[in-house]
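Here's the structure we're looking at; comments come further down.
Each chain gets a letter, A, B and so on, in the order the sequences are listed, and its residues count up from 1.
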Amino acid sequence: MLSGCPDCGGNKFQFHPGSVDRVEKQTTETVNENPATQRTQNPDQQQPSTTQNPDQQQPSTEQPLQSSSEATQNNTKSGYTPWPSQRNTDATDSTPSQAPDSPPTDSPKQNQPPSKTRQQSTDSDPVSDKPIDAVTNDAVVERSDTQTELEAAETPAEEDSAQVSARTDVVSNEELAAARTQSDTTESQPDEPSPDLEQLRNELNEQFESIKILNPGQYEINLMELYDRDEYIISLREDGRYVIEVPDGWGISDTDE
Amino acid sequence: MGLLTNLKDSISKVTDRLFSDSEPKRIGIYGPPNAGKTTLANRIAIDWAGDTVGPESHIPHETRRARRKENVTIERNSQTVTIDVVDTPGVTTKVDYKEFLDHDMEKEDAVRRSREATEGVAEAMHWLREDVDGVIYVLDSTADPFTQVNTMLIGIIESRELPVLIFANKTDLEGSNVQRVANAFPQHETVPLSALEGNNMDEVYDKIAEYFG
């Protein structure tokens with residue numbers, strides 16, 4: 001994944017692979033100097049990312065494939081430049097050797113419109129406002145630079161309303177839990193009726209079946225049903241049919257017709 | 001003197017049969033597979049009729065058709081009781097041919113035996129509904145009596161208000177636990193026996209005469 005350089009004016013990025021060691025050796029030595037993507041990041045954006053709640057790191061775990069592919073595309077422009085954080089023991093700890101040990105702190109710093117990451121963060125934890133506010137303000141500041149920034153800026157506008165809503169209408173944990181339970185049940189309802197009906201039918205069939213032929217030579221026997229039946233099953237056929245003996249007077253009306 | 005006594009007894013037996021108020025009672029020998037039903041039936045038949053009812057085997061479901069030995073007269077304490085002994089196939093809720101494969105049986109034979117055993121269960125249930133006047137329920141006293149089949153069959157027998165005796169068989173085996181059988185069905189009398197060894201058969205015949213005479 002790519003992480004911004006906080007001391008380079010937002011135009012330096014370094015790839016941190018996360019969990020893939022083999023890719024790490026190839027990509028951590030490259031520095032992405034693509035201007036289009038450099039400007040989408042602001043050095044200030046890195047600060048909130050390091051202070052974010054660990055829960056907010058979850059969306060970033062989905063990103064390594066994207067960032068690694070983008071980094072691979074930018075390999076032609078790679079040229080190693082001493083990473084400032086190697087000189088300054090910054091809180092971001094973006095030193096390549098330390099990167100695998102601290103992927104969560106680097107995860108939001110990706111070569112991707114920051115709005116997406118922030119949007120996911122907002123969804124994941126609406127209660128943590130401060131880091132998101134900082135990111136939103138930073139994104140608005142950079143709006144005029146590139147098309148990428150415009151795209152990035154549109155989403156923060158949506159985030160503002162969401163943030164306002166999040167701030168004004170704070171949902172309690174109990175309400176959240178209730179909503180989750182309700183959503184789970186409503187989602188499962190359309191799927192479950194058919195299995196239930198199918199199961200019910202099977203149960204009914206089993207109840208009314210005296211002898212159930214599972215496979216040739218394998219039988220399940222309903223003793224009560226056998227006992228209650230008027231007709232007497234004399235023999236079983238391999239095709240699943242019975243030969244029965246019927247009591248006197250059984251089905252007379254049928255035979256007369 | 002002895003000759004007169006024997007003659008008197010013989011006349012008494014004939015008159016008892018002639019003036020008995022009913023046909024010989026059909027006593028069905030029921031129970032799960034491999035409980036020793038056929039061994040018991042053969043023991044009774046040999047003791048009182050000089051013949052056997054059917055072949056015995058340690059392989060389950062050896063008896064796959066009900067067999068009847070008619071007019072078996074049992075004498076107890078100067079009383080006689082004549083019964084038709086009906087040896088029924090073992091009752092179960094599942095029959096699987098694979099259990100027969102463990103007894104060196106070819107698959108084709110095992111499948112056929114399984115089908116016939118299932119037909120036998122149907123026949124046993126049919127007899128229970130239509131044709132028996134009393135039940136000897138045989139249990140392997142080395143096995144757990146608390147099973148669905150036992151509970152269901154005893155329940156059916158009770159619902160029909162048939163006289164029933166519970167025989168805890170295989171007391172000659174090491175793991176026999178007669179008390180466990182008695183505890184499972186405390187509402188009925190439990191008689192321990194070994195049909196194979198002929199142990200406690202006097203009490204068996206006493207109870208048969210008492211319950212079905």
Atom of [X], atom of [Y] and distance for their closest heavy-atom approach:
X	Y	value
B:S114	A:G217	OG-O, 2.6 Å
B:T118	A:I211	CG2-CG2, 3.6 Å
A:L223	B:M125	O-CE, 3.5 Å

Does atom [atom1] of [X] have more than 12 heavy-atom neighbours, drawn from other residues, nucleotides or ligands, at distances under 6.0 Å?
X	atom1	result
B:E106	CD	no
B:E203	CD	yes
B:E130	CD	yes

Notebook entry, point to check: Which region of B:R160, side chain (C-beta onward) or backbone (N, CA, C, O), has a non-hydrogen atom less than 4.5 Å from a non-hydrogen atom of chain A, or is it both or neither?
Noted result: side chain

Notebook entry, point to check: Measuring heavy-atom distances to chain A, does B:K107 have an atom under 4.5 Å in its side chain, in its backbone, in both, or in neither?
Noted result: neither

Value rounded to 0.5 Å, distance of [atom1] in [X] from [atom2] in [Y]:
X	Y	atom1	atom2	value
B:R129	A:R229	CZ	CZ	11.0 Å
B:R115	A:L236	CZ	CG	7.5 Å
A:Y219	B:T93	OH	OG1	15.0 Å

Next item on the list: Determine whether A:Q218 and B:K94 make a side-chain contact, defined as any pair of heavy atoms from C-beta on separated by less than 4.5 Å.
Entry: no

Check: With side chains defined as the heavy atoms from C-beta onward, is the minimum distance between A:L226 and B:H126 less than 4.5 Å?
Finding: no

Margin query: Heavy-atom pairs under 4.5 Å with chain B - which of A:N215, A:L214, A:D228 has more of them than the others?
Written below: A:D228

